[in-house]
Amino acid sequence: TLGGEIMTFNQLLSFVNVVESGSFLKAAETMFISSQALNQQINNLEEELGCKLLVRSTRGVALTSAGSCFYDGSKEILTMQTELVAGTKKASEEQDNTIRIGFSHSLGPGLVQLVTEEYSRSFPKSEVIMSPMRLNYLLKSIAEDDLDICELGYRPDLIKKDIRFLYLRDFGSKWICVMSPFHKLASRSQIHPLDLDGYRVIVPERCWYQPLHKFVSNYLPSQSIEYIDTDCPYEDSEIASVSNPCLNDHTCISILPIWAGRSLPYLISVPFDFHMKMDYGLAYRANPKPAVKDFLQVAEEMAACGALANL
């Protein structure tokens with residue numbers, strides 16, 4: 001500050017221009033102001049500093065000892081300002097060109113892996129960061145701006161008004177019946193819903209499984225079906241909540257997606273005669289940034305030409 005006033009970059013720039021131009025007239029012309037106004041700026045600056053910065057003569061201007069010190073400092077500050085502005089713009093551009101994508105760590109990157117490869121070929125300066133996470137955190141991360149895009153099946157209970165969904169393909173989910181090795185149906189090669197009559201049956205509760213609920217309830221009395229409140233049995237703790245009853249009850253059967261049987265070494269998994277299809281694609285926030293729009297456009301074009309159909 002100068003005498004309690006804030007020194008501006010414009011004052012520093014005016015002073016440096018006068019010194020490097022060698023005269024007030026030439027500096028004023030480059031700055032598109034009058035030489036009188038420029039001279040007044042420097043006078044005010046010298047008055048606030050309490051010392052002379054320039055020696056004026058008919059031949060131009062020359063630096064005093066104090067002026068030379070002030071000139072060096074002013075150049076350093078102006079250079080730092082230029083670098084700061086350039087660095088900030090670069091960081092902003094890099095952020096705008098970075099896409100953060102999430103996917104279920106249990107299922108792995110399916111659609112997004114293929115789309116990312118094609119997108120990177122078309123937009124080599126952009127960066128895609130893919131993060132595996134629990135399924136029930138994906139939409140939350142989109143809503144909280146921790147992700148730009150996530151891959152998942154359409155779930156009407158979780159798609160909020162500020163989140164959009166791009167359909168890319170149908171997702172077919174195979175299911176299994178999990179039971180104790182001592183269960184009477186453990187030796188079957190496949191289980192039909194009618195085979196479950198008379199047994200205790202456990203299924204996940206959330207609305208993502210409504211097609212399964214409807215299918216099973218068409219064959220079994222409602223009192224024989226138990227619904228376990230779990231978001232989606234992809235995590236070991238969630239799988240356990242649905243499968244553990246089978247360890248202690250040899251009449252119990254849990255119905256799970258086929259991939260959930262990966263961590264059940266003490267139970268028997270038998271294919272279940274049920275195949276569920278759902279809309280599968282990408283969720284993203286409304287009004288996405290340009291890089292995200294480009295990614296979604298690439299995904300939509302790949303889906304249209306069938307490049308994602310056989311994933």
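Residues take their numbers from the sequence shown, with the count starting at 1. Reckoned from all heavy atoms, side chains included, excluding hydrogens, waters and symmetry mates.
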Nearest heavy-atom neighbours spanning Val18 and Val61: O-CG2, 3.9 Å

Check: His192 ring centre within less than 6.0 Å of Tyr219 ring centre: yes

Backbone N/O of Lys52 and side chain of Thr64: donor-acceptor pair under 3.5 Å: yes

Separation of Leu13 CG from Ser74 OG (nearest 0.5 Å): 9.5 Å

Neighbour count >12 (heavy atoms, 6.0 Å) for atom CG, Asn10: yes

Heavy-atom closest contact (Ile42 atom, Phe24 atom, distance): CG1-CE2, 3.6 Å

Where Ser180 and Ala186 come nearest, the two heavy atoms and their spacing: O-CB, 3.8 Å

Side-chain donor-acceptor pairs under 3.5 Å in residues 141-149, sequence neighbours left out?
unit_1: Ser141; atom_1: OG; unit_2: Tyr137; atom_2: O; d: 2.9
unit_1: Asp145; atom_1: OD1; unit_2: Arg100; atom_2: NH2; d: 3.0
unit_1: Asp145; atom_1: OD1; unit_2: Arg285; atom_2: NH1; d: 3.3
unit_1: Asp145; atom_1: OD1; unit_2: Arg285; atom_2: NH2; d: 2.6
unit_1: Asp148; atom_1: OD1; unit_2: Arg100; atom_2: NH2; d: 3.0
unit_1: Asp148; atom_1: OD1; unit_2: Arg285; atom_2: NH2; d: 3.3
unit_1: Asp148; atom_1: OD2; unit_2: Arg100; atom_2: N; d: 2.8
unit_1: Asp148; atom_1: OD2; unit_2: Arg100; atom_2: NE; d: 3.1

Note: Glu20-Lys75 ion pair, threshold 4.0 Å (strictly below): yes

Nearest non-hydrogen partners of Leu54 and Glu46, listed with the distance: N-OE2, 3.2 Å

ring-ring contact (aromatic ring centres under 6.0 Å, His included) involving Phe123 - partner list, sequence neighbours excluded: Tyr119

Salt-bridge criterion met for Glu118 and Arg121 (N-O under 4.0 Å): yes

Nearest non-hydrogen partners of Met31 and Ser14, listed with the distance: CE-OG, 3.1 Å

More than 12 heavy atoms from other groups under 6.0 Å of CD on Glu301: yes

